[in-house]
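Just so you know, ligand 1 is whichever comes first in the structure, and atom 1 is the first atom listed for that ligand. We're numbering straight along the sequence, starting at 1.
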Amino acid sequence: MSPAPLPSTEADRLAALHSYEVLDTASEEAFDGLVALAARLTDSPIALVSLIDADRQWFKARHGLDAMETPRDDAFCAHAILDPDHPLIVEDATADPRFQANPLVTGAPDIRAYLGMPLVNPEGHALGSLCVIDRVSRSYDPATVETMQTLARAVSVNLELRRTLLRTRKAALTDSLTGLPNRRAVMDVLTTVAATANPVAVIAVDLDHFKEVNDGEGHAAGDALLQAAADRLRKTVRPADLVGRMGGDEFVVLLAGVTDREVVARVAQRVSAALHHPVEHGDRLLRLGATLGVAIVPDDVADAEMALRVADEALVRAKQTGRGGIACATQEDATQLRRAAAIVRAFDTDVAASNSLQGAMVHLQPIIALGRVPEAARKIIALEALARWSHPAVGAIPPGDLFAMVGPVRAAQLGRVVREQALATFAALRKRGLADARVALNLSASEVCRADIALSIAEQVERAGLSLHCVEVEITEEVLLDRVSNRTLDQLAALRGRGARLVLDDFGTGNSGLAQLLRLPLDGVKLDKQFIQRLGVDTRAHEIVRATVSLAHGLGLQVVAEGIETEQQAAMLQALNCDAVQGFLYARPMPPNVLKGWLHERTLHNNPRVTVLQPRTTKKAN
Ligand code: C2E
Ligand code: CA
Ligand code: CA
């Protein structure tokens, strides 16, 4: 017996065969149907689709034969592939020196006659053959050979189709930049885990400083950072663990079957450590860091599909306490998430019911100038618009929570409605001579990042019959966190160029360095109430306020202090040279009609203190 020699392109041929990922797969109707047809049309007891692997022939489809595979040395088809352009015809195997001693001839299935059509792929490699076999010697007429040629082409076409489908499916599940499974693939895995009720640990990973690198050093550097992060993640976990890219600079690690909290913590620490080294890119070193959130199914959250969101919730908490940390999910995260889901549902029913937001309403709070003038002469420099929203199903939700909970699209919806009301109220007050200052509008980071935000605000202002000269825009440092692009900065500069003032809210609560803050074209800063409320209690707060005021003034920025509740705080801020104040001591945020009365009283009596006039109705709202 003489085994077939190897084709000259054997290595490439094998690589081509393996690219079909068809070996050892289940039977498929398309191929089964073709071998049945081949057997019938050629009147043969046996028909096969045989694929020639390194040391075996494996049958993708079989008719009249039980074996799944045979050694390659015994395979007639290993001979057939040597001449891809022609069929191999053996009329009597016992008379052919290549096959006389072949165990498939001397024993079962007692092959006598064989007709094999090579299966040639588009690159010219013969992957195997479609063959028919007889147990008696026979000849094959040209019509039979032609029939087999046609059927072999059909097999080849099906193999191609199968490979294309596989590739498309893979592409749809793979992130092209890092080669990691994408969000869809990860969600598929989590769905499967949920269906089998298996434990799984989820580590959500969010890169720190990504946006800074991407904007500051260019997209190639950003890509390099993501690829390096993906690479390190893959190397840090075991091959059986899944690393996926969820989008942007978010990754996830799934540890299937792991419930031991200590094991998960160790992996999380390893992941965190791996992501806390700079990345070399050309001759530069790119800064890298990461914040992690961990959730374990079923301990922290019952259901694998929810686990990712709970891990994200923990991650958000970790970010709030400073980037670079690791936070483990708590029962509270799951509770919080359920509440957020209820709020989102209520919000959506509100939108659906009225195609606007019936539960939304603006309250306005005066911002009052300090300075060495008698209290009665102090000017109101702005009215800050603050969102209020309530729904019968969930009650009144504080805006601080609401904007963070409902996601960017709904936040934008609510923001728009609140601005509309604020601008209309302000225009009406101006007409009555009750407001000559500005209206201050809060913009959440996700709104600021919208491509059309400057235009959209300018349009709203114009529609209200106002100009941008009577608008102040309050943004938070959050716009600088990983997200701010030059386009955003241009948008803010454009608003400012048309007369709006730009103020940085909650100053002192974030982590941005001064250099970062100076990228923003600012007119003023608002000192966060956490400092104001520690004045007189904590000397450090006093020093922070003093330093901030002097720094801001040095940069030509105005300083507003918010959250003033006591006379003592007011006096200290006056002494510290703060420019303006806002707080319950002067006025609470008020609905438009109450504000109108308040302003009216104030002008009538020229009385800046509102403690006696303070509207009771608004107390509840805060
Ligand atoms: P913020 O912009 O820092 O608004 C100031 C918050 O301090 C308001 O809370 C206000 O009611 C409260 N406040 C004012 N004076 C005092 C005081 O003397 N003591 C205390 N304890 N609090 C005082 P509010 O209305 O609950 O808003 C919370 C946050 O929600 C806002 O913080 C802002 O970040 C966000 N927000 C509110 N309305 C909007 C909006 O229309 N759009 C956006 N994007 N965010 C909004
Ligand atoms: Ca504000
Ligand atoms: Ca604030």
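- For Arg419, no heavy-atom contact with ligand 1 is shorter than 4.0 Å.
- When you scan the N, O or S atoms of Glu384 for the one nearest the Ca ion (ligand 2), you land on OE2.
- Taking 4.0 Å as the cut-off between side-chain N and carboxylate O, Arg317 and Glu332 do not count as a salt-bridged pair.
- Rounded to 10°, the angle formed at the Ca ion (ligand 3) by Asp505 OD1 and Glu562 OE2 is 120°.
- Interface of Val418 with ligand 1, defined as ligand atoms under 4.0 Å from a residue heavy atom, comprises 41 (O).
- Against a heavy-atom cut-off of under 4.0 Å, Asp506 is close to the following atoms of ligand 1: 3 (O).
- Contacts with ligand 1 closer than 4.0 Å are made by no heavy atom of Leu414, backbone or side chain.
- For atom 6 (C) of ligand 1, the nearest non-hydrogen atom from the set Glu565, Lys529, Glu562 belongs to Lys529.
- Contact annotation for Phe403 and ligand 1: only side-chain heavy atoms (C-beta onward) come within less than 4.0 Å of the ligand.
- None of Ile381, Leu522, Asp523, Val525 except one satisfies the side chain to side chain contact (heavy atoms under 4.5 Å, CB included) rule with Gln558; the exception is Ile381.
- The ligand atoms of ligand 1 that sit less than 4.0 angstrom from a heavy atom of Glu384 are 2 (O), 4 (O).
- When the heavy atoms of Gln365, Gln582, Gln569 are ranked by distance to atom 15 (N) of ligand 1, first place goes to Gln365.
- With ligand atoms numbered from 1 in the order given, ligand 1 contributes 11 (O) to contacts under 4.0 Å with heavy atoms of Pro589.
- Here is the list of ligand 1 atoms found below 4.0 Å of a heavy atom in Ala387: 37 (C), 38 (N), 39 (C), 40 (C), 41 (O).
- Heavy-atom contacts of Ser444 reach the following atoms of ligand 1: 44 (N) (cutoff under 4.0 Å).
- At a heavy-atom cutoff of 4.0 Å, ligand 1 is contacted by the side chain of Glu447 but not by its backbone.
- No more than 12 heavy atoms of other residues, nucleotides or ligands lie within 6.0 Å of CZ in Arg287, so this atom counts as exposed by the packing criterion.
- Atoms of ligand 1 lying under 4.0 Å from at least one heavy atom of Gln533, given by number and element, are 19 (N), 20 (C), 21 (N).
- Judged purely by distance below 3.5 Å, without hydrogens or angles, the side chains of Gln533 and Gln569 never pair a donor atom with an acceptor atom.
- Ligand 1 lies less than 4.0 angstrom from a heavy atom belonging to Gly563.
- At most 12 heavy atoms of other shown residues, nucleotides or ligands fall within 6.0 angstrom of atom CD in Gln358.
- Only the side chain of Arg388 comes within 4.0 Å of ligand 1, counting heavy atoms alone; its backbone N, CA, C and O stay farther away.
- Taking a cut-off of under 4.0 Å to the non-hydrogen atoms of Leu443, the atoms of ligand 1 that pass are 44 (N).
- Distances from the Ca ion (ligand 2) to the N/O/S atoms of Glu474 are shortest for OE1.
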